[in-house]
Number of protein chains: 2
Amino acid sequence: MTDTPAKPPQDPLAEPRRRPGRPKDAGDLRDLILDQAELAFAETGFAGARTRDIAERAGVNQALIRYYFGSKEELFDEVFRRRGGLISARRHEFLDELLMATPAPTVEQVLHAYLLPQWAMKYSGANGAAFVRLQARLHSEPEEHALRLRREVYDSSVHRYVEVLSRCLPGIPRDRVSIRFSFLVGTYMFMLNDLGRLGDITEGHVVDLGKDRMLEELVAFLAAGMRAS
Amino acid sequence: MTDTPAKPPQDPLAEPRRRPGRPKDAGDLRDLILDQAELAFAETGFAGARTRDIAERAGVNQALIRYYFGSKEELFDEVFRRRGGLISARRHEFLDELLMATPAPTVEQVLHAYLLPQWAMKYSGANGAAFVRLQARLHSEPEEHALRLRREVYDSSVHRYVEVLSRCLPGIPRDRVSIRFSFLVGTYMFMLNDLGRLGDITEGHVVDLGKDRMLEELVAFLAAGMRAS
DNA sequence: CGGTAATTTAATCACCTGAATAATTGCAAT
DNA sequence: ATTGCAATTATTCAGGTGATTAAATTACCG
């Protein structure tokens, strides 16, 4: 408190630090933080990710996270809602389009409409794959927090798809359709998330089937399961 | 350092603390630690669990974890291997028995043999359900550590089942069978782990189908998927 | 122009974390 | 008896953790 109140001798190679205060153009640091948080949460999960890392990767002070989001948990929620909401919306759209085009679609068509938004996000570049992993992680967390988020974001689209599928499968009671739908959720979550188990199981014969082929295989498998007598 | 070298005034209601030194009968604290670690890891994942909590729940000093296991990570490995090895061994046994009884089993029979050990463990009481959750969590962790463990414990039984299934499904190329098998892994992992999503998806109509009925439904679904043309 | 509000930083807090150490006790072999 | 090993504890360590505060800088509104 008594001496060297001035700046320490700065590294002349250091990039020009942002100084505090309102920025001139404000290139929305909020979104930058969300992007980096998405990556961090995907890599190490909620507990494993450090707010310091997230801030550093975004080139931003740690306190800014609190400023924008309040807490680490609320930051996570926001990350999840941002893309989850998008996926859910796309699902609704695709189902609308499908029902508009054909009043009695096949099981395959309905499943394809349901899965495509996730698939497209995974291969969209731009952190999509990270979000998909983060989401798969959330799906295996039994905590109340996780459950609440999933409900909030996904339940509405899921319920609609179950209803439509039920109409496609007149021989199968509704409750059974919904049970099978929950099987389906586990299946695609795992495949979306996976980063090596497929290679192990096929003993190296199949490592990456490619976006389209994998989706086809999955739809065929799931549709057959749905129709099981 | 200078005064009060003696014990602080102890809470007279405190239970008699175990004093250091070799115990008289040594009711294997090692296993006690493993049990509590299993619960803790299942509840909050690897990063979220605290060695302090684990030790406390086991009624044991924290340093004992290091004494027996070396580190938190090695403790986790041991927890995983203990029951994972058991499950893998059971799978081998059941497959042996099945092939002994019928040289050409149905897909349903093979899948049942594969799934039963996990199912039985989940409903065995005695932390079985906790282990199953922990395992499902591990399945959605992409880290190298997780991958290595799964390989070590499960690959041998998985490869055998893929081979037998391939024989049951002569119309389907081997690679495709193994891809479908990896679909299957995701499906049952999710169902084993699930603690509420089923209820959401069925809008409350189905919360718990009961051990046997759920396994039947799952086998029917998966067998149909395996056979998909 | 001048004041107020928004945005950002550096610095710090209180607490927690896994790990390590050294002391303590009981048992078994000599 | 004495010594040495095994199992257990209380205590401490070094380093992180999310959160918080106070100050700094700029934009915006009158």
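Keep in mind it's a predicted model, so treat the numbers as computed, not measured.
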Once the angle between the rings of [X] and [Y] is folded into 0 to 90°, is it parallel (under 30°), tilted (30 to 60°) or perpendicular (over 60°)?
| X | Y | result |
| --- | --- | --- |
| A:Phe46 | A:Phe76 | perpendicular |
| A:Phe221 | B:Phe183 | perpendicular |
| A:Phe80 | A:Phe131 | tilted |

In whole angstrom, give the distance that lies between atom [atom1] of [X] and atom [atom2] of [N].
| X | N | atom1 | atom2 | result |
| --- | --- | --- | --- | --- |
| B:Arg30 | D:dT8 | CZ | C1' | 16 Å |
| B:Leu29 | D:dA6 | CG | C1' | 13 Å |
| B:Asp28 | D:dT8 | CG | C1' | 14 Å |
| B:Ile33 | D:dA7 | CD1 | P | 12 Å |
| A:Leu32 | C:dT8 | CG | P | 11 Å |
| A:Phe41 | D:dG18 | CZ | C1' | 12 Å |
| B:Lys72 | C:dA20 | NZ | C1' | 17 Å |
| A:Phe69 | C:dT7 | CZ | P | 12 Å |

Handout entry: Sugar-phosphate only, base, or nothing, as touched by B:Ala55 at under 4.0 Å among non-hydrogen atoms
Key = nothing

Practice task
For A:Ala47, report the nucleic acid contact type (base, sugar-phosphate, nothing); a contact means any heavy atom under 4.0 Å.
Solution key: nothing

Considering just the side-chain nitrogens and oxygens of [X], establish if one lies under 4.0 Å of OP1 or OP2 belonging to [N].
| X | N | answer |
| --- | --- | --- |
| A:Arg66 | D:dT20 | yes |
| A:Tyr68 | C:dT8 | yes |
| A:Asn61 | C:dA10 | yes |

Problem - Pairwise 5' ranking along DNA chain C for A:Gln62 and A:Tyr67, keeping only the more 5' one - result: A:Tyr67

Completion exercise
Given the options B:Arg151, B:Arg150, B:His159, A:Asp200 meets side-chain hydrogen bond (donor to acceptor under 3.5 Å, both in side chains) only with B:Arg151

Completion exercise
Walking DNA chain D from its 5' end, the first of B:Leu64 and A:Ile65 to be reached, judged by nearest nucleotide, is B:Leu64

Practice task
Could you check A:Arg57, A:Arg133, A:Arg137 and say which one makes a salt bridge (charged side-chain N to carboxylate O under 4.0 Å, His left out) with A:Glu43?
Solution key: A:Arg57

Handout entry: Residue A:Ala63, side-chain heavy atoms: nucleotide from D:dT21, C:dT8, D:dT9 that is nearest
Key = D:dT21

Practice task
Confirm from the modelled atom types if A:Arg52 and D:dG18 form a donor-acceptor pair under 3.5 Å, side chain to base only.
Solution key: yes

